[in-house]
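Here the structure is laid out as structure tokens; the discussion comes afterwards.
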Amino acid sequence: MAAASPPSPASLELRPLGGTGLKVSCVGFGASPLGRVFGPVSEDEAAASVREAFRLGINFFDTSPYYGGTLSEKMLGMALKASGIPRDQYVVSTKCGRYKEGFDFSAERVTRSIDESLERLQLDYVDILQCHDIEFGSLDQIVNETIPALLKLKETGKIRFIGITGLPLDIFTYVLDRVPPGSVDVVLSYCHFSVNDNTLEDLLPYLKSKGVGIISASPLAMGLLTESGPPEWHPAPPELKSACQDAAAFCQKKGKNISKLAMQYSLTNKDISSVLVGMNSVKQVEENVAAATELASVGMDQETLSEVEAILKPVKNLTWPSGIRQS
């Protein structure tokens, strides 16, 4: 197979990722859908999506052994290999601690986890290894056992940088206030920088003061900000689902797309290095890149944004519980 062609001139903005020295595309490729968690995806579709993403300027790919019970990592690894893209031209992050079988943040498990992930991804190293959804484990274990184990992995060269992910924002301050400075390089927050909830914004000065890179995932609030609406299992309270449905219907009536508006809104804060969005087709890749390039060239549709914000005002920053009660 021929090597991928270089990104087109209308390529995406690259943003520095904290103090890592990495530069990541402002739109990141969320590979959970490659694990067929939202429906079937063929190997050819996965490979074509990854190849097109890179061609259009996406250089950041995020996965986890949890997605599709390890299938997402396998499919992403296969797609990257098939694309022929040189390894130094893309950034891969995967995760540890959350598996199909449950949560395990022990040093032994996360140390074994990276070897399994590297084999599935067909890589010698990952750029970032993140502790996945740490609110479901003991935060003290993350601080005292998991992060030290990842620091040892860093010394082996199997991982370059260390991250933590989860939904409640206070987990980030808890961990970052307790680990040695510089031991956590990246945080991945989700569902907290979108049109309906921008609470991550208040935490940005703190995160920057700690020198960590900031990734925001789920700009469409896990399907709330789409015309088709969220999946049945979505944990949002009914009033939030209802308000988002109203906002989507309003946009549709106006001939606008709420998902594009939401995607563009999430890209407006440049302190957020990359916005991760799940993709599993060339069409989705092209739509997400088009939203970003249109934002860069003509800016936000402020009128529609204001109208949508007014509809969502009664439920602004409403979230849902996630994780276990920390002792």
Side-chain angles (χ1 to χ4, degrees), residues 12-20 23-28 30 60 62 93 130 133-135 163-177 184-226 235-237 239-240 243-244 247 258-278 288 291-292 295-296 299-323:
L12 289 171
E13 176 193 1
L14 295 177
R15 298 177 180 174
L17 184 63
T20 64
K23 285 197 167 177
V24 290
S25 48
C26 62
V27 176
F60 177 44
D62 176 86
S93 71
Q130 310 178 85
D133 291 339
I134 60 173
E135 70 267 30
I164 51 177
T165 86
L167 183 71
L169 293 171
D170 58 2
I171 61 175
F172 299 128
T173 48
Y174 188 93
V175 171
L176 290 170
D177 282 344
V184 172
D185 305 291
V186 178
V187 302
L188 190 161
S189 163
Y190 72 97
C191 289
H192 287 309
F193 197 79
S194 49
V195 186
N196 59 300
D197 180 338
N198 63 357
T199 46
L200 176 62
E201 201 150 38
D202 294 338
L203 197 61
L204 294 177
Y206 167 87
L207 293 172
K208 286 176 74 181
S209 78
K210 294 285 184 183
V212 298
I214 303 151
I215 298 159
S216 179
S218 227
L220 311 184
M222 297 186 339
L224 287 174
L225 302 171
T226 60
E239 62 269 35
L240 177 55
C244 289
I258 192 158
S259 298
K260 183 169 101 170
L261 188 81
M263 183 69 198
Q264 290 183 330
Y265 175 87
S266 68
L267 288 163
T268 52
N269 193 313
K270 299 202 177 189
D271 287 334
I272 294 169
S273 301
S274 190
V275 174
L276 270 180
V277 58
N288 288 316
L295 177 69
M300 215 42 224
D301 177 353
Q302 288 296 344
E303 183 189 312
T304 307
L305 176 63
S306 302
E307 291 164 331
V308 165
E309 284 178 327
I311 295 167
L312 296 175
K313 195 174 179 193
V315 294
K316 179 77 171 173
N317 296 337
L318 191 60
T319 186
W320 50 87
S322 177

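Note that the structure is a prediction, hence the values are computed from the model and not measured.
The side-chain hydrogen bond (donor to acceptor under 3.5 Å, both in side chains) test applied to Lys208 returns Asp271, not counting sequence neighbours. Residues meeting the salt bridge (Lys or Arg N to Asp or Glu O under 4.0 Å) test with Glu13, sequence neighbours left out: Arg15, Lys270. Shown here are the side-chain hydrogen bond (donor to acceptor under 3.5 Å, both in side chains) partners of Ser218, two or more places apart in sequence or in another chain: there are none. Remark: Ser273 pairs with no residue by the side-chain hydrogen bond (donor to acceptor under 3.5 Å, both in side chains) rule, at least two apart or across chains. With sequence neighbours left out, Phe193 forms a ring pair (Phe, Tyr, Trp, His ring centres under 6.0 Å) with Tyr265. With sequence neighbours excluded, no residue forms a side-chain hydrogen bond (donor to acceptor under 3.5 Å, both in side chains) with Ser274. Residues forming a side chain to side chain contact (heavy atoms under 4.5 Å, CB included) with Ser259 (at least two apart in sequence, or on another chain): Leu220, Thr226, Asn257. Judged as a salt bridge (Lys or Arg N to Asp or Glu O under 4.0 Å), and not counting sequence neighbours, the contacts of Asp301 are Lys256. In terms of the salt bridge (Lys or Arg N to Asp or Glu O under 4.0 Å) criterion, Asp170 has no residue partners (sequence neighbours excluded).
In this structure, Leu203 CG and Ser189 OG are separated by 8.0 Å, a value rounded to the nearest 0.5 Å. Thr199 contributes atom OG1, which lies 10.0 Å from atom CG of Leu204 (distance to the nearest 0.5 angstrom). Atoms CG and CG, from Leu188 and Leu167 in turn, are 11.0 Å apart once rounded to the nearest 0.5 Å. The CG atom of Asp185 sits 10.5 Å away from the CD1 atom of Ile164 when rounded to the nearest 0.5 Å. Rounding to the nearest 0.5 Å places CG of Leu12 at 13.5 Å from CZ of Phe60. Interatomic distance, OG1 of Thr165 versus CD of Gln130, reported as 6.0 Å (0.5 Å rounding).
For residues 187-200, there are no salt bridge (Lys or Arg N to Asp or Glu O under 4.0 Å) pairs, not counting sequence neighbours. The salt bridge (Lys or Arg N to Asp or Glu O under 4.0 Å) contacts involving residues 198-207 comprise nothing, where partners must be two or more places apart or lie in separate chains.
Annotation for Ile258 and Cys244: closest pair CD1-O, 4.4 Å, computed over non-hydrogen atoms. When all heavy atoms of Ala291 and Lys260 are compared, the pair lying nearest together is CB-CG, 3.9 Å. Between Gly166 and Ile171, the shortest heavy-atom contact is CA-CD1, 3.6 Å. Residue Pro219 comes nearest to Met263 through the heavy atom pair CG-SD, 3.8 Å, listed as atom of the first residue, atom of the second, then distance. When all heavy atoms of Leu176 and Val212 are compared, the pair lying nearest together is CD2-CG1, 4.0 Å. Residue Leu267 comes nearest to Cys26 through the heavy atom pair CD2-O, 3.4 Å, listed as atom of the first residue, atom of the second, then distance.
Between Val308 and Leu225 the shortest side-chain heavy-atom distance does not fall below 4.5 Å. Side-chain atoms of Asp62 and Ile215, non-hydrogen and from C-beta on, never get closer than 4.5 Å to each other.
A donor-acceptor pair shorter than 3.5 Å cannot be found between the side chains of Asp133 and Tyr190.
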Which donor-acceptor pairs under 3.5 Å do the side chains of residues 310-322 make with protein atoms, sequence neighbours left out?
residue: Lys316; atom: NZ; partner: Val195; partner atom: O; Å: 3.4
residue: Asn317; atom: OD1; partner: Asn198; partner atom: N; Å: 3.0
residue: Ser322; atom: OG; partner: Glu135; partner atom: OE2; Å: 2.7

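The number of heavy-atom neighbours closer than 6.0 Å to NZ of Lys210, taken from other residues, nucleotides and ligands shown, is above 12.
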*Go through the steps for Asn288 and Val275 under the test side-chain contact (heavy atoms from CB on, under 4.5 Å), then give the verdict.*
CA-CA 10 Å; Asn288 288 316; Val275 174; over 6 Å; no
